[in-house]
Student: 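Just passing along the structure, written as structure tokens.
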Amino acid sequence: MNTLSRRGFLAASAAAVAVAHMPRFALAQTPDSLRLAAATRTLDIDGRAASVFGLAGSGGQGLVLDPGQRFRVDLTNDLDVGTIIHWHGQIPPNAQDGVPDMPMPLLAPGETRSYDFEARPGTHWMHSHVPTQEMQLLAAPLIVRSAEDVAADRQEVVMFLHDFSFKSPEEVLAEISGGHAGGGHGAHAHHGGAQPMQGTPMGGMPMDQMPGMGGMMGMGGQMGGMAMDLNDYDWDAYLANDRTLSDPDVVQVERGGRIRLRVINAAAATVFWIDTGAAGARLVAADGHAVQPLSGNRFGLAMGQRLDLEIDLPNENGAWPILALREGARERTGLILATPGAEVRRVDAVAEAEAPAFDTDLAQEARLIAVDALPERPVDRSQMLMLGGSMQPYVWTINGAVWGQHQPVTARRGERVVLSFHNMSMMGHPMHLHGHVFQVVGLNGRRVAGALRDTVYVPPMSMVDLALDAGEAARWMLHCHHMPHLATGMMTEFAVSASV
């Protein structure tokens, strides 16, 4: 049996993580610091060797922190190129946030950099903030356990999802963009190569001729008679814990056991539905924050998002596939929960029918209610952000501009801010804000007391409002977490100034 603990996703103790991995270029550390290395590794993907990147702690890919443990990590770059890691879901001091030159430069090959901040509990992850490197799997789980997690009588399982191509990221981006790529980000950036799409978010259709907001989405990815662009690339493989369904991760579980399944969508450009099949589930957290439990067996998540599912297994021997279905397509990946000695049947990597488009009417998002909502207070500042772009030319914008031509979104430290994302393009955009937790407070003009998040999915022709309290006075990234969109400039900054 293959178990997640063997593959390094379940919790090795923090002490073991601290001492077992010794990068070649490590500097002196405090005794309780952890070591993490960005390095090259080889995967077997459907019988073919693939050279990818990774983030290795002592127990394999990723880190697990105990309740109250600080994020005290020494990161070593064992790659032959510069890199920088963003701690997605954490709120470090801005200098430790992990964005190229904002303010820290890339780590040079062989360099070690130390990080030290208070860790936020929940299901999070970490990844390069150079889009081409994230596309090469330079990403891993970052799990911060709470006291409740330790006390609970349940098994924790991580399901880390990715999409993969045997082609280089540069080749993939060239195929996707058709040569139309400008305003990039990170080590491969080139600024100013694309023109802002002022008032023409859909290949030339003026905004005053756009369909109305909300309720425009039909079945099969049709909206107002126009087709959505669900997937702009067909990847060679879809991975769950670095494996495909030809050789899936088989996690040994107990009869009648309770599972906390931590699902992380680390894909570059793929939205997944999580289908628990015969093992009914409860969605209990989104992006690491508790929500009122929501029962079901199919839940979706976009790139950068996380879901925690509680699963109560039957008191019998058996095997339960947990599948991740690619939206608008038949491909799927997943893992299998199995009791000792149970027959584990092969699951085809291609389903008989296409999975639907994800949350086009925001129905799932509307059902998520935060357990610990933001306190009520007057709104000090509101701003609309228009999300635009098209497949031809392949340019994606925020407020009509790509990175390098952008106007920052501004606020003062401590202000209550409402940001409204208005998507006037035919692709969905998972919008991620660094350095802050926000609450979803409006969906297509309807007020909600929604989930606390750091990444919200904005479907085509939809509007999502979020509320937050502006944090450290600094420049914080605000961008789409679809890597080809980010690589071609779909990013701005949330510039927080000091309070008066």
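Numbers for residues simply follow the sequence, beginning at 1. Everything numeric here is computed off the predicted structure, so don't read it as measured data.
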Student: Got a sec, which residues hit side chain to side chain donor-acceptor pair (under 3.5 Å) with H406, two or more places apart in sequence or on another chain?
Tutor: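 Counting only residues at least two positions away or on another chain, H406 forms a side chain to side chain donor-acceptor pair (under 3.5 Å) with E493.
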
Student: Can you see which heavy atom on V496 is nearest to which on G471, and at what distance?
Tutor: CG1-O, 3.3 Å

Student: Distance only, no hydrogens: is a donor on one side chain within 3.5 Å (strictly under) of an acceptor on the other, for T123 and R306?
Tutor: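 No, R306 and T123 have no side-chain donor paired with an acceptor closer than 3.5 Å.
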
Student: Identify the two heavy atoms, one from T492 and one from Q407, that lie closest to each other, and give their separation to 0.1 Å.
Tutor: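 It is OG1-O, 3.5 Å.
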
Student: Does Q364 use its side chain to pair, donor to acceptor, with the backbone of F299 at less than 3.5 Å?
Tutor: no

Student: Under 4.0 Å between a side-chain nitrogen and a carboxylate oxygen: does that hold for R330 and E352?
Tutor: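 Not counted as a salt bridge, because no side-chain N and carboxylate O are separated by less than 4.0 Å.
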
Student: Taking all heavy atoms of Q439 and all of A373, pick out the closest pair and write down the distance.
Tutor: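 Minimum heavy-atom separation between Q439 and A373: NE2-CB, 3.5 Å.
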
Student: Do H88 and D454 have a side chain donor and acceptor closer than 3.5 Å?
Tutor: yes

Student: Would the distance check show the side chain of D101 and the main-chain N or O of P103 forming a donor-acceptor pair, the cut-off being under 3.5 Å?
Tutor: no

Student: Give a yes or no on whether the ring-centroid distance for W87 and H124 is below 6.0 angstrom.
Tutor: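 No - the distance between ring centres of W87 and H124 does not fall below the 6.0 Å cut-off.
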
Student: Are R258 and D153 close enough for a salt bridge, meaning some N to O gap below 4.0 Å?
Tutor: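 Salt bridge between R258 and D153, a charged N being under 4.0 Å from a carboxylate O: no.
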
Student: In terms of side-chain heavy atoms, does S420 have a donor or acceptor partner in D465 at a distance below 3.5 Å?
Tutor: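 There is such a pair (donor and acceptor under 3.5 Å, judged by atom type) between the side chains of S420 and D465.
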
Student: Side chain of T360, backbone of A357: donor and acceptor closer than 3.5 Å?
Tutor: no

Student: Testing the basics here: between W320 and A278, what is the closest heavy-atom pair and its distance to 0.1 Å?
Tutor: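 Minimum heavy-atom contact is CD1-CB, 4.5 Å.
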
Student: Under 30°, 30 to 60°, or over 60°: which ring-plane class applies to H434 and H432, parallel, tilted or perpendicular?
Tutor: tilted

Student: Could you check D163, D275, D234 and say which one makes a salt bridge (charged side-chain N to carboxylate O under 4.0 Å, His left out) with R326?
Tutor: D234

Student: What heavy-atom pair brings M431 and F438 nearest, and what distance separates the two atoms?
Tutor: O-CZ, 4.4 Å

Student: Counting only heavy atoms from other residues, nucleotides and ligands, does the tally under 6.0 Å from CZ of R367 exceed 12?
Tutor: no

Student: Okay, side chain of D380, backbone of R416: is any donor-acceptor separation there less than 3.5 Å?
Tutor: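 Flag set: sc D380 to bb R416 pair under 3.5 Å.
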
Student: A quick test of your reading: do over 12 heavy atoms of other residues, nucleotides or ligands sit less than 6.0 Å from CD of E148?
Tutor: yes

Student: How about CZ on R377, more than 12 heavy atoms from neighbouring residues, nucleotides or ligands closer than 6.0 Å, or not?
Tutor: yes

Student: I'd like to know if the side chain of D249 reaches the main chain of A240, judged simply by a donor and an acceptor atom lying under 3.5 Å from each other, with no hydrogens or angles considered.
Tutor: no

Student: Any side-chain heavy-atom pair from R453 and Q305 closer than 4.5 angstrom?
Tutor: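 They are in contact (side-chain heavy atoms under 4.5 Å apart), so the answer is yes.
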
Student: Just say parallel, tilted or perpendicular for the rings of Y238 and F272, cut-offs at 30° and 60°.
Tutor: perpendicular

Student: Closer than 3.5 angstrom, by distance alone: can the side chain of E415 be matched with the main-chain N or O of R412 as a donor-acceptor pair?
Tutor: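 Judged by distance alone, yes, a pair lies under 3.5 Å.
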
Student: H481 and ring-ring contact (aromatic ring centres under 6.0 Å, His included): which partner among H429, H129, H127?
Tutor: H127

Student: Please report the shortest heavy-atom distance between G450 and A370, naming the atom on each side.
Tutor: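 So the minimum-distance heavy-atom pair works out to O-CB, 3.2 Å.
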
Student: With a 4.0 Å cut-off, would you call D149 and R262 a salt bridge?
Tutor: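 Yes, charged N to carboxylate O under 4.0 Å.
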
Student: Tell me, yes or no, whether the heavy-atom count around E118 atom CD, taken from other residues, nucleotides or ligands under 6.0 Å, exceeds 12.
Tutor: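 12 or below, so no.
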
Student: Got more than 12 heavy atoms from elsewhere within 6.0 Å of CG, D372?
Tutor: no

Student: Using the benzene-type ring in the case of Trp, are the ring centres of W273 and F358 under 6.0 Å apart?
Tutor: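 Between F358 and W273, which both carry aromatic rings, the centre distance is below 6.0 Å.
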
